[in-house]
Chemist: 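Quick one: this structure, given as structure tokens, is what I'll be asking you about.
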Amino acid sequence: MAVSLQTFIQERKVPFFFTLSVLLFCFLILFFTNSFSLNPLVRTYSTLRSPSKTPSSSGVYSDSVLSHDLDSSSLAANFTWKLCNGSVAVDFVPCLDNFKAIKALESRKHMEHRERHCPSPSPRCLIPLPSGYKVPVPWPKSRDMIWYDNVPHPKLVEYKKDQHWVVKSGDYLNFPGGGTQFKDGVDRYIDFIQKTLSAIKWGKNIRVILDVGCGVASFGGYLLQKNVLAMSFAPKDEHEAQIQFALERGIPATLSVIGTQRLTFPDNVYDLIHCARCRVHWDADGGKPLLELNRILRPGGYFIWSATPVYRDDERDKSVWNAMVLLTKSMCWKVVKKTSDSSGVGLVIYQKPTTTSCYDKRSENDPPICDEKNKRNNSWYVPLTRCISQLPVDSKGNYYAWPSPWPQRLTSKPLGLSVESNAEEKFLEDTKHWSTVVSDVYRVNVGIDWSSIRNVLDMNAGYGGFAAALIDLPLWVMNVVPIDVPDTLSVIFDRGLIGLYHDWCESLNTYPRTYDLLHSSFLFTVLKRRCEVVDTVVEMDRIVRPGGYVVIQESLEVIKELGPMFRSLHWSVSVYQDEFLVGKKGFWRPSAPNSK
């Protein structure tokens with residue numbers, strides 16, 4: 001029934017109408033402001049805590065957590081995600097599984113098919129989970145056993161069953177510490193090396209090492225208990241998923257191959273390099289593979305080679321050994337020990353020179369010393385060269401000394417620090433800064449369950465301060481130095497940490513679901529000038545394990561762009577102190593095309 005205006009006024013309903021109008025007006029204001037959105041992808045960002053925002057005397061908000069409802073982004077709001085397809089989708093590594101590019105290669109003689117061939121544009125599909133995937137077995141238990149369903153690859157179990165690399169037992173894959181050259185177990189093999197050469201003191205003067213053709217990385221895994229950080233690497237080849245096994249176990253590892261291009265490491269950084277039947281022809285192509293090891297081995301560092309040419313006398317092995325003798329002599333490598341253990345397995349230990357005196361005395365300059373055109377530490381998509389890398393010297397022309405023993409090495413002035421007058425001051429300030437941020441923010445205020453963190457990747461590591469600040473936790477950090485920022489990777493190795501070069505406009509050489517936490521500090525501010533950040537976000541989703549985290553320090557403007565992208569992937573996302581985006585990945589994957 002209609003009500004006249006006169007009746008409405010007589011019944012004194014005007015105050016009620018006025019109040020209702022005011023409330024409706026306020027609601028409309030809230031509706032159209034940036035703090036409220038009906039877009040389900042960006043409406044609510046989960047918060048873990050929300051105390052008041054009170055800065056400490058150091059300027060760090062040590063007891064505050066700020067949540068944000070971020071602006072809707074047209075860049076992210078309309079994403080429709082789909083699963084990658086194909087036979088390798090579950091373990092897809094975009095730059096190593098580009099079969100179209102691999103098929104078009106003119107040659108595979110030098111392992112070109114195992115090198116990087118990145119697709120363009122980068123794929124924006126999401127990696128499916130293996131059927132039955134579970135939260136990984138925690139460290140240190142994971143060193144010896146992992147869930148089979150997480151890495152369901154049985155080929156190595158059968159192929160290497162007599163060598164005890166890996167054994168399937170019920171729902172688990174067990175790693176008993178065997179290996180082709182570890183007939184008495186890898187722990188005894190490690191002790192045998194130290195007894196063979198007393199100058200090798202694991203975890204003291206020998207801290208960062210490279211294990212070439214590492215298998216399932218048991219050598220590096222067992223060295224961790226001796227405070228040795230081993231970068232284990234192998235190609236993605238017929239030894240199915242060996243690097244994936246290593247990373248699932250919580251052991252530092254990366255996919256790589258000695259082919260036609262340099263390894264993505266700086267010059268003169270590894271204390272020791274190890275090869276146990278790693279199937280590399282060191283004298284091939286004029287000795288380029290071994291010369292590449294010489295480039296990255298620290299002056300005075302050791303190369304341990306355990307292979308049949310060292311201790312067998314058949315014609316083939318003799319031929320390989322004789323070629324190795326000639327090559328190492330021409331490089332001025334000295335044999336410091338050659339021996340066999342009780343099982344009959346032998347090894348030889350070489351040492352790289354610390355001065356150029358041997359080079360100068362050679363009757364022939366072959367291989368030649370690299371000239372200045374071979375810029376130091378330039379190793380991103382750089383062809384291998386047949387020359388001996390120059391030994392590093394300081395600003396006064398003195399050869400580098402050996403780093404301080406571990407753990408003093410972590411905080412000592414790095415040998416590779418820039419010669420700029422304020423370089424040491426910057427280094428010390430950076431170390432102090434990250435110690436404060438990690439202790440006052442990351443470890444207490446951003447809701448990360450550090451007990452679940454084992455494999456960590458710092459996407460733009462600088463001097464390695466973030467990794468150094470976490471050194472007391474049972475985890476390890478892969479320190480990445482992007483190719484378009486000042487090169488500090490030598491400093492990271494000098495500190496006794498490990499890392500590699502990478503371009504974040506491309507996919508990383510690692511399997512899916514291999515890291516528990518990714519960290520970056522103002523990476524995207526620079527990265528967005530060169531490529532689309534959504535591709536990097538998709539790559540981060542590929543790398544992080546379900547239940548894992550990202551911690552991104554950026555301007556609020558960049559965070560407002562990134563937040564909806566992660567939220568569209570069904571990550572829980574929170575923002576702290578207007579500067580730190582923390583995302584946690586769940587188990588969500590888009591529906592398969594044929595599912596209902």
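Hydrogens, waters and symmetry mates play no part in the numbers below; they use all other heavy atoms, side chains included. For reference, positions follow the sequence shown, starting with 1.
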Chemist: What closest approach, in Å, do Leu255 and Asn509 show between heavy atoms, and which atom pair accounts for it?
Modeler: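 The pair with the smallest heavy-atom distance is O-ND2, 3.1 Å.
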
Chemist: Would you call the rings of Trp504 and His502 parallel, tilted or perpendicular, where under 30° means parallel and over 60° means perpendicular?
Modeler: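 Ring orientation, 0 to 90° scale: perpendicular.
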
Chemist: How close do Leu156 and Gln242 get, counting heavy atoms only, and between which atoms?
Modeler: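 Taking every non-hydrogen atom into account, CD1-CB, 4.1 Å.
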
Chemist: Atom CD1 in Ile492, atom CG in Leu497: separation rounded to 0.5 Å?
Modeler: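 Here the rounded value is 7.0 Å.
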
Chemist: Kindly indicate, with the supporting measurements, whether the criterion side-chain contact (heavy atoms from CB on, under 4.5 Å) is fulfilled by Trp81 and Val538.
Modeler: CA-CA 10 Å; Trp81 299 109; Val538 171; 3.6 Å; yes

Chemist: Ion pair present between Asp503 and Arg116, side-chain N to carboxylate O less than 4.0 angstrom?
Modeler: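 Arg116 and Asp503: not salt-bridged.
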
Chemist: Within a strict 4.5 Å, meaning less than it, do heavy atoms of the Glu561 and Phe524 side chains meet?
Modeler: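 Answer no - side chains too far apart.
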
Chemist: Tell me whether the rings of His274 and Phe219 are parallel (<30°), tilted (30 to 60°) or perpendicular (>60°).
Modeler: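 The rings of His274 and Phe219 lie parallel, inter-plane angle below 30°.
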
Chemist: Between atom CG of Asp149 and atom OG of Ser131, what is the distance when rounded to the nearest 0.5 Å?
Modeler: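 Nearest 0.5 Å value for the CG-OG distance: 6.5 Å.
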
Chemist: State whether the SG distance for the cysteine pair Cys278/Cys214 is less than 2.5 Å.
Modeler: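 Taking the criterion (SG atoms under 2.5 Å apart), Cys214 and Cys278 fail it, so no.
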
Chemist: Apply salt bridge (Lys or Arg N to Asp or Glu O under 4.0 Å) to the pair Lys560 and Glu557, showing each step before the final yes or no.
Modeler: CA-CA 5 Å; Lys560 286 182 177 182; Glu557 178 186 358; over 6 Å; no

Chemist: Under the salt bridge (Lys or Arg N to Asp or Glu O under 4.0 Å) criterion, do Asp541 and Arg589 qualify, and how do the steps go?
Modeler: CA-CA 11 Å; Asp541 181 84; Arg589 295 288 85 180; 3.0 Å; yes

Chemist: Determine whether Glu248 and Pro136 make a side-chain contact, defined as any pair of heavy atoms from C-beta on separated by less than 4.5 Å.
Modeler: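 Contact flag for Glu248/Pro136 side chains = yes.
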
Chemist: Between Asn460 (side chain only) and Ser521 (backbone N and O only), is there a donor and an acceptor less than 3.5 Å apart?
Modeler: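 Yes, the answer is positive, given that a donor and an acceptor are paired below the 3.5 Å cut-off.
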
Chemist: Measure centre to centre between the rings of Trp165 and Phe175, then say whether the value is under 6.0 Å.
Modeler: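 Here the rings of Phe175 and Trp165 have centres that are no less than 6.0 Å from each other.
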
Chemist: If you measure only the distance, is there a donor-acceptor pair under 3.5 Å linking the side chains of Thr514 and Gln244?
Modeler: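 Distance-only check fails for Thr514 and Gln244.
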
Chemist: Just do the side-chain contact (heavy atoms from CB on, under 4.5 Å) check on Arg249 and Ser218 with the steps written out, would you?
Modeler: CA-CA 10 Å; Arg249 296 173 70 188; Ser218 290; 3.1 Å; yes

Chemist: With Gln553 as reference, evaluate His519, Gln577, Glu579 under the side chain to side chain donor-acceptor pair (under 3.5 Å) test and give the passing residue.
Modeler: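 Testing Gln553 for a side chain to side chain donor-acceptor pair (under 3.5 Å) against His519, Gln577, Glu579 leaves exactly one candidate, Glu579.
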
Chemist: Could you check whether atom NZ of Lys168 has more than 12 heavy atoms from other residues, nucleotides or ligands sitting under 6.0 Å from it?
Modeler: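 Correct, the count exceeds 12.
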
Chemist: Looking at side-chain heavy atoms only, is the closest gap between Asn455 and Arg545 below 4.5 Å?
Modeler: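 Counting from C-beta outward, Asn455 and Arg545 do come under 4.5 Å.
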
Chemist: So which of Tyr549, Tyr442, Phe522 actually passes ring-ring contact (aromatic ring centres under 6.0 Å, His included) with Phe580?
Modeler: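 Exactly one option meets the ring-ring contact (aromatic ring centres under 6.0 Å, His included) with Phe580, and it is Tyr442.
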
Chemist: For the residue pair Gly221 and Ile251, what are the closest heavy atoms and their distance?
Modeler: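 Heavy atoms only, the tightest pair is CA-CD1, 3.6 Å.
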
Chemist: So, do Leu508 and Leu457 sit near enough that their side-chain heavy atoms are less than 4.5 Å apart?
Modeler: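 In contact.
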
Chemist: Specify the closest pair of heavy atoms between Pro266 and Ser490, including all atoms of both residues, with the distance to one decimal.
Modeler: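 For Pro266 versus Ser490, the nearest heavy atoms are CB-OG, 3.4 Å.
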
Chemist: Are any non-hydrogen side-chain atoms of Asn150 and Pro130 less than 4.5 angstrom apart?
Modeler: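 With C-beta onward as the side chain, the pair stays apart.
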
Chemist: Does the separation of the ring centres of Tyr515 and Trp476 fall below 6.0 angstrom?
Modeler: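 Yes.
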
Chemist: Taking the side chain from Asp487 and the backbone from Leu489, do they hold a donor-acceptor pair closer than 3.5 Å?
Modeler: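 At least one qualifying donor-acceptor pair exists.
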
Chemist: Give a yes or no answer on whether the side chain of Ser379 reaches the backbone of Phe265 with a donor-acceptor pair at less than 3.5 Å.
Modeler: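 Judged by distance alone, yes, a pair lies under 3.5 Å.
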
Chemist: Of all heavy-atom pairs between Pro94 and Ser507, which one has the smallest distance, and what is that distance?
Modeler: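 Answer, listing the atom of Pro94 first, then Ser507: CD-OG, 3.3 Å.
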
Chemist: For the residue pair Phe466 and Trp434, does the interplanar ring angle fall in the parallel (under 30°), tilted (30 to 60°) or perpendicular (over 60°) class?
Modeler: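 Rings of Phe466 and Trp434: perpendicular, as their planes differ by over 60°.
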
Chemist: Would Arg454 and Asp516 count as a salt bridge (Lys or Arg N to Asp or Glu O under 4.0 Å) here? Give the steps.
Modeler: CA-CA 6 Å; Arg454 174 59 187 170; Asp516 301 301; over 6 Å; no

Chemist: Should the ring pair Trp588 and His570 be called parallel, tilted or perpendicular, given that the plane angle runs from 0 to 90° and is split at 30 and 60?
Modeler: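 Geometry flag for His570 against Trp588: parallel rings.
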
Chemist: Test Asp285 against Leu384 for side-chain contact (heavy atoms from CB on, under 4.5 Å), laying out the working first.
Modeler: CA-CA 10 Å; Asp285 204 11; Leu384 293 181; over 6 Å; no

Chemist: Are side-chain N/O atoms of Glu539 and Ser122 paired as donor and acceptor at under 3.5 Å?
Modeler: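 Their side chains do not contain a donor-acceptor pair, so the 3.5 Å distance test is not met.
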
Chemist: Rounded to the nearest 0.5 Å, how far does CZ of Arg542 lie from SG of Cys84?
Modeler: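 Result: 9.0 Å between the selected atoms.
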
Chemist: State whether the side chain of Lys82 and the backbone N or O of Thr80 hold a donor-acceptor pair below 3.5 Å, judged by distance alone.
Modeler: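 Side chain of Lys82 to backbone of Thr80, a donor-acceptor pair under 3.5 Å: no, none is there.
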
Chemist: Any side-chain heavy atom of Gln225 sitting closer than 4.5 Å to one from Arg143?
Modeler: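 Side-chain contact under 4.5 Å: yes.
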
Chemist: Could you tell me whether Arg124 and Glu532 have a side-chain N and a carboxylate O separated by less than 4.0 Å?
Modeler: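 Between Glu532 and Arg124 there is a salt bridge, with a charged N closer than 4.0 Å to a carboxylate O.
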
Chemist: Once rounded to the nearest 0.5 Å, what's the spacing between atom NZ of Lys236 and atom OG1 of Thr510?
Modeler: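 Here the interatomic distance stands at 10.5 Å.
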
Chemist: Are the side chain of Glu115 and the backbone of Gln261 linked by a donor-acceptor contact shorter than 3.5 Å?
Modeler: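 Answer holds: yes.
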
Chemist: About how many Å separate CG of Asp171 and CH2 of Trp147, when rounded to the nearest 0.5 Å?
Modeler: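 If I round to the nearest 0.5 Å, the distance is 6.0 Å.
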
Chemist: Can a salt bridge be assigned to the pair Arg114 and Asp237 using a cut-off of 4.0 Å between side-chain N and carboxylate O?
Modeler: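 Salt bridge between Arg114 and Asp237, a charged N being under 4.0 Å from a carboxylate O: no.
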
Chemist: Is there a side-chain contact between Ile453 and Asp449 in this structure, where contact means two heavy atoms from C-beta onward sitting under 4.5 Å apart?
Modeler: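 Heavy-atom side-chain distance check fails, nothing below 4.5 Å.
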
Chemist: Could you state the interatomic distance from CD1 (Ile296) to CZ (Phe493), rounded to the nearest 0.5 Å?
Modeler: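 Result: 8.0 Å between the selected atoms.
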
Chemist: In terms of side-chain geometry, is the basic nitrogen of Asp91 or Arg513 positioned less than 4.0 Å from the acidic oxygen of its partner?
Modeler: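 Looking at Arg513 together with Asp91, the answer is yes, because their closest N to O distance falls below 4.0 Å.
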
Chemist: Taking Leu523's backbone N and O only, do any of them form a donor-acceptor pair with Glu554's side chain (distance below 3.5 Å, no angle check)?
Modeler: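 Checking the backbone N and O of Leu523 against the side chain of Glu554, a donor-acceptor pair under 3.5 Å is found.
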
Chemist: Can you name the nearest heavy-atom pair linking Ala469 to Arg443, along with the distance?
Modeler: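 Result for this residue pair: O-NH1, 4.1 Å.
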
Chemist: Counting C-beta onward and ignoring hydrogens, is there a side-chain heavy-atom pair between Tyr576 and Val441 closer than 4.5 Å?
Modeler: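 They are not in side-chain contact.
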
Chemist: With side-chain contact (heavy atoms from CB on, under 4.5 Å) as the criterion, how do Leu527 and Cys505 come out once you've worked through the C-alpha distance, each side chain's angles and the decisive distance to 0.1 Å?
Modeler: CA-CA 8 Å; Leu527 192 65; Cys505 290; 3.8 Å; yes

